[in-house]
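For reference, the structure is listed below as structure tokens.
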Amino acid sequence: MPDLIISASAPGAGFSIVAAITTDLVREAQRRHGLSPTATAAVGRLTTGAALLAAGLKGKERLSLQVAGDGPLRGVVSDAWLIDQERVGARGYAKNPQADLPLNERGKFDVAAAVGSGSLQVTKSFEVGQPYAGVVPLYSGEIAEDIAAYLVNSEQIPSIVALGVLADPDGIRAAGGLIAQLLPGADERAVATLEERALSMPPITKLINEGSDAHALLHALAGGAELRSHRTIDVQFSCRCTREKVEAALLGLGADELHKMARERTETEATCEFCKKMYVFTSDEVNELASRLKKA
Ligand code: ZN
């Protein structure tokens, strides 16, 4: 199934719902970062969550999810934004991409142990003005439950979140997710119905692996509810790094440090932590950056 996000609302039943297939996106993140299986599950779940939430953004807004934890992954970061009205871009990484743990007693990736205890920060950046950030303690470290706890406790929106990555020794078989949220003013019992259905559904990665597309996922959770205003959005691994942004980071080191770097090595390499793209600066270019600081 191709990567895709579909959103809809069920006004009669009182909820909105977003479904995503992100198999290719997670494969690309795994390949770029050389993620271990456990790290792939953590980064894949968090990046899928960011992509699902980004489907509700407008214009140049951007959403960043930062998991800080004391487990071996040492933290996971993902963000997502609208590239245009038809496309969501998303990216993510783990601070320790090689961290790996045995499967848990249920035979699943032990993301909770790899993440550890800590917090989830959600930051929404706007085209103008200050970003908005909310932080909640991690609920379980399994990511989906942590995002649901954030939505319920910080945004006061009763929500169901399901995120999954299915992998075997041959690679990533399926990845995707679902988020359903209570519509403003709707009866809270709608969430209990959705929760029951979510618990009785097969895992979403099993559905995707067996051929379900994003529409089928949406309907699996929505049940027979009448869905309106379907919106279809492409989703892809993407990065926002540019040479100018890397230059700005180097300028932050100060003129003395830049001159020292230019003396000590013929080339300075800077790698984007989100996409692993490497930017190379010759010593002449590093000296030129330092001279910009002196002129300023
Ligand atoms: Zn990048």
Side-chain angles (χ1 to χ4, degrees), residues 3 5 20-36 38-55 57 59-69 73-99 115 120-127 131 133 143 163 165 171-172 175 177 233-253 257-258 261 265 267-282 285-286 288-289 292:
D3 280 13
I5 298 178
I21 293 190
T22 54
T23 311
D24 291 337
L25 164 59
V26 176
R27 262 188 206 130
E28 184 65 15
Q30 192 283 329
R31 187 186 68 77
R32 284 176 184 257
H33 295 283
L35 297 168
S36 74
T38 315
T40 303
V43 172
R45 289 181 196 175
L46 192 69
T47 310
T48 299
L52 283 162
L53 293 171
L57 296 179
K60 299 217 162 118
E61 293 172 357
R62 181 161 62 93
L63 192 98
S64 175
L65 304 182
Q66 289 170 279
V67 170
L73 288 171
R74 300 205 306 263
V76 186
V77 181
S78 295
D79 60 17
W81 59 95
L82 290 176
I83 298 171
D84 54 39
Q85 285 308 302
E86 273 100 44
R87 283 181 302 163
V88 162
R91 59 184 187 175
Y93 67 93
K95 298 216 167 113
N96 180 11
Q98 262 83 54
V115 165
L120 167 67
Q121 178 170 322
V122 178
T123 310
K124 207 166 168 183
S125 309
F126 306 96
E127 187 167 8
I143 312 291
L163 302 167
V165 175
I172 293 152
I233 313 166
D234 283 322
V235 57
Q236 63 191 62
F237 186 96
S238 183
C239 197
R240 303 164 66 86
C241 64
T242 61
R243 193 168 175 90
E244 288 67 36
K245 286 183 188 168
V246 178
E247 283 179 1
L250 288 173
L251 287 169
L253 297 173
E257 182 62 27
L258 289 172
M261 277 163 56
R265 57 199 101 150
E267 282 185 341
T268 293
E269 293 170 350
T271 304
C272 172
E273 57 188 352
F274 274 103
C275 72
K276 291 285 164 190
K277 181 170 176 177
M278 192 192 282
Y279 293 88
V280 180
F281 296 84
T282 64
E285 286 169 331
V286 174
E288 189 274 325
L289 286 175
R292 275 194 229 170

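Order of listing sets the numbers, starting from 1, for every ligand and every atom in it. This structure is a prediction, so every number in the text was calculated from the model and none was measured. Hydrogens, waters and symmetry mates play no part in the numbers below; they use all other heavy atoms, side chains included.
- Remark: R243 is positioned above the aromatic ring of F281, its terminal NZ or CZ atom under 6.0 angstrom from the ring centre and at most 45 degrees off the axis.
- For the pair R62 (side chain) and T123 (backbone), a donor-acceptor distance under 3.5 Å is absent.
- The two atoms that bring F274 and C239 nearest to each other are CB-SG, 3.8 Å, heavy atoms only.
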Audit row: Y93, V43, side-chain contact (heavy atoms from CB on, under 4.5 Å) steps and yes/no:
CA-CA 6 Å; Y93 67 93; V43 172; 5.6 Å; no
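- Protein N/O/S atoms closer than 2.8 Å to the Zn ion (ligand 1): C239 SG, C241 SG, C272 SG, C275 SG.
- For K124 (side chain) and L57 (main-chain N/O), no donor-acceptor pair under 3.5 Å exists by modelled atom type.
- Judged as a side-chain contact (heavy atoms from CB on, under 4.5 Å), and not counting sequence neighbours, the contacts of T282 are D284, E285.
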